[in-house]
Asks: 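Take this structure, written in structure tokens, and hold onto it; I'll ask about it next.
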Amino acid sequence: DVKVTQSSRYLVKRTGEKVFLECVQDMDHENMFWYRQDPGLGLRLIYFSYDVKMKEKGDIPEGYSVSREKKERFSLILESASTNQTSMYLCASSLDTGSRAYQPQHFGDGTRLSIL
Amino acid sequence: QKEVEQNSGPLSVPEGAIASLNCTYSDRGSQSFFWYRQYSGKSPELIMFIYSNGDKEDGRFTAQLNKASQYVSLLIRDSQPSDSATYLCAVVNFNKFYFGSGTKLNVKP
């Protein structure tokens with residue numbers, strides 16, 4: 001089974017802090033993703049990565065950055081946390097087979113982040 | 001127009017009934033289709049995937065795809081209270097995933 005591990009289930013930080021959310025997958029997946037999920041807004045893509053050291057902006061990248069130094073690890077960084085970044089953050093990974101029968105994304109357990 | 005549309009619900013069905021969840025998508029070139037189940041406070045969990053037109057069955061779940069009409073559906077037979085969750089439809093085109101906002105299903109004992 002695919003295992004996607006997020007470093008924290010719950011996290012409380014203060015406004016202005018730099019926040020790191022870590023995600024590790026154990027299935028040698030090429031693709032990794034960061035989403036946030038808020039009530040009534042569904043899943044919104046923040047950033048994704050198709051390979052080591054590669055990153056692409058998603059739909060809502062403002063206020064966030066990412067790092068992928070190793071294939072199995074994808075980090076989300078809140079440069080200067082603000083209260084409107086309080087949310088559930090979900091990491092996902094998927095295998096890139098090179099075919100058009102795309103493989104599903106597998107999600108970690110999520111990090112519920114509160115910014116005070 | 002959203003890429004993927006789902007009725008937010010809630011859809012209420014009695015225990016033992018068939019629950020039918022629907023999803024429409026806007027890009028006719030979409031290639032892969034997934035259904036996820038998400039319990040409250042938890043992360044999405046993959047339950048079905050389908051790539052070709054027609055039906056695909058897995059236990060109590062059946063996914064149906066109609067590319068001409070651009071819809072994909074999920075049928076849950078013999079619904080159980082434990083099936084109560086939000087069901088997310090995901091559609092993929094050129095390795096870009098589009099998620100619907102989900103349909104909340106309530107199965108009443």
Side-chain angles (χ1 to χ4, degrees), chain A residues 1-6 8-10 21 23 25 27 29-51 54 56-60 87-114, chain B residues 1-10 21 23-25 27-54 56 58 61 63 65 67 72 74 85-104:
Chain A
D1 277 355
V2 177
K3 184 70 175 175
V4 180
T5 303
Q6 294 185 231
S8 306
R9 287 299 310 277
Y10 301 94
L21 302 182
C23 175
Q25 49 93 5
M27 288 301 293
H29 284 175
E30 291 79 10
N31 306 326
M32 297 189 75
F33 308 83
W34 275 107
Y35 295 89
R36 63 178 284 177
Q37 188 175 35
D38 302 286
L41 296 178
L43 283 168
R44 291 185 290 168
L45 182 64
I46 305 171
Y47 268 97
F48 59 99
S49 169
Y50 290 143
D51 203 349
M54 293 186 68
E56 299 275 348
K57 292 181 180 179
D59 300 318
I60 52 163
S87 186
M88 168 74 99
Y89 289 86
L90 290 161
C91 175
S93 72
S94 70
L95 181 67
D96 186 353
T97 63
S99 84
R100 293 178 69 182
Y102 295 106
Q103 296 300 299
Q105 292 186 12
H106 298 271
F107 288 85
D109 288 338
T111 296
R112 191 166 292 281
L113 175 64
S114 296
Chain B
Q1 182 188 5
K2 289 185 179 179
E3 298 282 347
V4 179
E5 298 270 9
Q6 292 183 259
N7 188 320
S8 61
L21 304 160
C23 170
T24 59
Y25 59 94
D27 192 332
R28 188 174 289 276
S30 299
Q31 297 130 348
S32 303
F33 307 85
F34 306 99
W35 282 100
Y36 289 83
R37 177 177 62 200
Q38 187 173 23
Y39 292 114
S40 180
K42 303 293 187 182
S43 63
E45 171 193 13
L46 178 72
I47 54 171
M48 288 289 289
F49 60 91
I50 187 166
Y51 298 122
S52 305
N53 275 329
K56 179 181 178 183
D58 184 1
F61 299 100
L65 175 60
K67 288 188 176 181
V72 56
L74 178 71
T86 297
Y87 289 80
L88 305 176
C89 170
V91 174
V92 188
N93 191 10
F94 291 108
N95 212 18
K96 183 134 193 211
F97 277 70
Y98 299 94
F99 285 88
S101 297
T103 298
K104 186 175 175 65

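None of the values given here were measured: they were computed from a predicted structure. Letters A, B, ... are given to chains in the order of the sequence lines, protein chains preceding strands, and every chain is numbered from 1.
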Asks: List the steps and the verdict of salt bridge (charged side-chain N to carboxylate O under 4.0 Å, His left out) for A:D38 and A:R36.
Replies: CA-CA 7 Å; A:D38 302 286; A:R36 63 178 284 177; 2.9 Å; yes
Asks: Taking side chain as everything from C-beta outward and backbone as N, CA, C, O, which of these in B:Q38 sits under 4.5 Å from a heavy atom of chain A? Side chain, backbone, both or neither.
Replies: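 Side chain only.
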Asks: For chain A, find which of B:G100, B:G41, B:S43, B:G102 contributes the most heavy-atom pairs closer than 4.5 angstrom.
Replies: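 Most heavy-atom pairs under 4.5 Å with chain A: B:S43.
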Asks: So for A:F48, is it side chain, backbone, both, or neither that comes closer than 4.5 Å to the heavy atoms of chain B?
Replies: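 Answer is neither: A:F48 stays 4.5 Å or more from chain B.
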Asks: Need one label for B:F99: side chain, backbone, both or neither, based on atoms under 4.5 Å from any heavy atom in chain A.
Replies: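 Looking at B:F99, just its side chain touches chain A.
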Asks: Are A:V4 and A:C23 packed together at the side-chain level, in the sense that at least one heavy-atom pair is separated by less than 4.5 angstrom?
Replies: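 They are in contact (side-chain heavy atoms under 4.5 Å apart), so the answer is yes.
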Asks: Look at the rings of A:Y35 and A:F33 and say which category their plane angle falls in: under 30° parallel, 30 to 60° tilted, over 60° perpendicular.
Replies: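 Judged by the thresholds at 30° and 60°, the geometry between A:Y35 and A:F33 is parallel.
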Asks: Measuring heavy-atom distances to chain A, does B:Y36 have an atom under 4.5 Å in its side chain, in its backbone, in both, or in neither?
Replies: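 For B:Y36, side-chain heavy atoms alone lie under 4.5 Å from chain A.
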Asks: Do any of residues 103-112 of chain A have a heavy atom less than 4.5 Å from a heavy atom of chain B, and if so, which, in residue order?
Replies: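 Residues of residues 103-112 of chain A touching chain B at under 4.5 Å: A:Q103, A:P104, A:Q105, A:H106, A:F107, A:G108, A:D109, A:R112.
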Asks: Ignoring hydrogens, what is the shortest heavy-atom contact between A:K3 and A:M27? Give both atom names and the distance.
Replies: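 So the minimum-distance heavy-atom pair works out to N-CG, 4.3 Å.
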Asks: Can you tell me which of A:M88, A:Q37, A:R44 forms the most heavy-atom pairs within a distance under 4.5 Å of chain B?
Replies: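 Between A:M88, A:Q37, A:R44, the count favours A:Q37.
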Asks: So, B:Q6 side chain and B:C89 main chain: donor-acceptor pair closer than 3.5 Å or not?
Replies: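 Present.
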Asks: Within a strict 4.5 Å, meaning less than it, do heavy atoms of the B:E3 and B:D27 side chains meet?
Replies: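 Sidechains of B:D27 and B:E3: in contact.
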Asks: For a quick test of reading the model, state the closest non-hydrogen atom pair linking B:R37 to B:A85 and the distance between them.
Replies: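 Heavy atoms of B:R37 and B:A85 come nearest at CG-CB, 3.6 Å.
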Asks: Using a 4.5 Å cut-off on heavy atoms from C-beta on, say whether the side chain of B:N93 contacts that of B:Y25.
Replies: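 Answer no - side chains too far apart.
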Asks: Any non-hydrogen side-chain atom of B:C23 less than 4.5 Å from a side-chain atom of B:Y87?
Replies: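 When only atoms from C-beta onward are counted, B:Y87 and B:C23 do not touch, as no gap falls below 4.5 Å.
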